[in-house]
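Structure first, commentary second.
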Amino acid sequence: MTHQHPYHLVDQSPWPLTGAISAFMMTSGLILWFHLNSNLLLLIGGILLLLTIINWWRDVVREATFQGYHTLPVNNGLRYGMILFITSEICFFFAFFWAFFHSSLAPTIELGVSWPPTGINPINPFLVPLLNTAVLLSSGVTVTWSHHSILSKNRNEAIQALFLTIVLGIYFTGLQAWEYYDSSFTIADSVYGSTFFVATGFHGLHVLIGTTFLSVCFLRLITFHFSNHHHFGFEAAAWYWHFVDVVWLFLYICIYWWGS
C-alpha cells in the first residue's frame, strides 16, 4: 500500500504490550525479591524485556534501512524526540545534584555540621576519578572523530574510532567498579553515601547503556547501514554519549572534587 504523505505510520506490533508486561513483571519481581528473597519473576521479566528491546529495535533498524521509511520528516521527528529525551535525562540528574547541594551546603548536626560528614573518608578525586575523567573525555573525542569520518565517507577511520570509543567506555566502567569495590564507605553511610552512590551509580548505568548503544551502531556501521547523509542512529548515540560526558564533568567537579 502506498501513502500520499512522507510520514511513517507504523504497523501493528506486539512489542509495546510485551514491554509493558515485562516492566510489570520486573517491578513485581523486585518487591518479591526484597520481601521474600525470590528473584524468579524478576529474572523472567528481565529476559522478556531484553527480548522485547532486541526485537523492537530490530524492526526500527529494518524500517530505517531496508524498507526506507525514515524520510526527512520522520528523521526530524526522531531528532526532536531524542532532544526531548536528553532534556528529561538532564532533569533526572538535576534532582540528584539538588539533593547533594541541599545536604552539603548546610550540613545538619546529625552529620557533625561538616561536609563530608564526620567519619566519612571520601575518595581522592585526583586518583581513579581523574583517570576516569580523562578516559571519558577521550571517548568524546573518538566518537566525534568517528562521526566526522562518516560524514567524509572514510569508513575505515569511522570503524576504528567507534571501536576505540567502545573500548574506552568499557574501561571507564571497569575503573568505576574498582572504585566502588575499594571505597571505604557504602550507600548506607549517611546522606553522603546515598547521594554519592545514587548519582555516580546512575551515571555508570548511563555509561553502560551508551556503550551498548554505540556497540549496536558499530555492528550497523560494519554492515553498511550508515551513509554520509543517512546515519541518525549514530548521531543519536553520539548525542547521548556527549550528554554522559557532560554529566560526568559536573559529577567530578561537584561531588568528587568540591564535595571531598
Side-chain angles (χ1 to χ4, degrees), residues 50 53-72 74-76 78-79 81-83 85-86 89-90 93 127-180 200 202-252:
L50 182 63
I53 292 170
I54 292 171
N55 284 283
W56 200 342
W57 285 106
R58 177 207 61 188
D59 291 349
V60 173
V61 168
R62 285 176 177 173
E63 292 162 2
T65 52
F66 310 117
Q67 294 175 300
Y69 289 153
H70 285 192
T71 59
L72 183 59
V74 174
N75 261 316
N76 288 335
L78 292 172
R79 290 175 187 276
M82 193 65 193
I83 290 170
F85 170 68
I86 291 176
E89 292 286 273
I90 292 171
F93 278 99
L127 295 178
V128 174
L130 184 59
L131 175 59
N132 257 345
T133 303
V135 168
L136 211 53
L137 290 179
S138 298
S139 71
V141 172
T142 54
V143 77
T144 303
W145 172 24
S146 181
H147 187 203
H148 281 280
S149 297
I150 291 174
L151 292 174
S152 58
K153 302 181 182 180
N154 193 335
R155 184 169 177 272
N156 289 333
E157 279 195 12
I159 292 172
Q160 293 167 9
L162 186 53
F163 179 76
L164 280 176
T165 307
I166 295 167
V167 170
L168 289 170
I170 295 170
Y171 184 41
F172 176 93
T173 301
L175 286 173
Q176 190 169 42
W178 172 254
E179 177 187 277
Y180 281 4
T200 59
F202 269 112
H203 176 268
L205 176 63
H206 281 69
V207 172
L208 284 172
I209 294 170
T211 304
T212 305
F213 201 170
L214 291 171
S215 298
V216 172
C217 288
F218 179 76
L219 294 175
R220 295 187 65 193
L221 186 59
I222 63 178
T223 51
F224 298 92
H225 282 196
F226 297 136
S227 68
N228 65 318
H229 60 273
H230 192 89
H231 55 269
F232 176 69
F234 179 89
E235 279 188 289
W239 291 357
Y240 187 84
W241 197 252
H242 288 310
F243 159 74
V244 168
D245 283 355
V246 172
V247 170
W248 175 259
L249 285 177
F250 280 99
L251 283 173
Y252 178 76

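Every heavy atom of this structure was used, including side-chain atoms; hydrogens, water molecules and symmetry mates were not.
- When all heavy atoms of Gln176 and Thr200 are compared, the pair lying nearest together is NE2-O, 3.2 Å.
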For residues 155-173, dump all side-chain donor-acceptor pairs below 3.5 Å to protein atoms at least two apart in sequence or in another chain.
from, atom 1, to, atom 2, distance (Å)
Arg155, NH2, Ile222, O, 2.8
Glu157, OE1, Trp145, NE1, 3.0
Thr165, OG1, Thr142, OG1, 2.7
Thr165, OG1, Val143, N, 3.2
Thr165, OG1, Ala161, O, 2.9
Thr173, OG1, Gly169, O, 3.1

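- Within the 4.5 Å cutoff, no side-chain heavy atoms of Val74 are placed close to those of Glu63.
- With contacts defined as side-chain heavy-atom distances shorter than 4.5 Å, the pair Tyr252/Val247 does not qualify.
- Between the CG atom of Leu151 and the CG atom of Asn228 there is a distance of 7.0 Å, given to the nearest 0.5 Å.
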Pairs under 3.5 angstrom only: tabulate donor-acceptor contacts from the side chains of residues 203-215 to other protein residues two or more places apart or in another chain.
from, atom 1, to, atom 2, distance (Å)
His203, NE2, Val244, O, 3.0
His206, ND1, Phe202, O, 2.7
His206, NE2, Glu89, OE1, 2.2
Thr211, OG1, Val207, O, 2.7
Thr212, OG1, Leu208, O, 2.9
Ser215, OG, Thr211, O, 2.7

Step by step, work out the side chain to side chain contact (heavy atoms under 4.5 Å, CB included) result for Tyr240 and Phe85.
CA-CA 9 Å; Tyr240 187 84; Phe85 170 68; 3.7 Å; yes
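- The shortest heavy-atom contact between Ser139 and Trp241 is OG-NE1, 2.8 Å.
- Separation of atoms CG (Asn76) and OG1 (Thr71) is listed at 8.5 Å; rounding is to 0.5 Å.
- Remark: Gln67 CD to Asp59 CG distance equals 8.0 Å, nearest 0.5 Å.
- Scored by the ring pair (Phe, Tyr, Trp, His ring centres under 6.0 Å) test, Phe66 finds His225 as partners (sequence neighbours excluded).
- Shown here are the side-chain hydrogen bond (donor to acceptor under 3.5 Å, both in side chains) partners of Thr65, two or more places apart in sequence or in another chain: there are none.
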Identify every side-chain donor-acceptor pair in residues 230-239 under 3.5 Å, counting partners at least two apart or on other chains, and give the distances.
from, atom 1, to, atom 2, distance (Å)
His230, NE2, Ala64, O, 3.3
His231, ND1, Ser227, O, 2.8
His231, NE2, His147, NE2, 3.3
Glu235, OE1, Arg79, NH1, 3.3
Glu235, OE1, Arg79, NH2, 2.8

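- Trp178 is linked by a ring pair (Phe, Tyr, Trp, His ring centres under 6.0 Å) to Tyr181, counting only residues two or more places apart in sequence or in another chain.
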Decide yes or no on side chain to side chain contact (heavy atoms under 4.5 Å, CB included) for Trp57 and Val216, but give the supporting numbers first.
CA-CA 10 Å; Trp57 285 106; Val216 172; over 6 Å; no
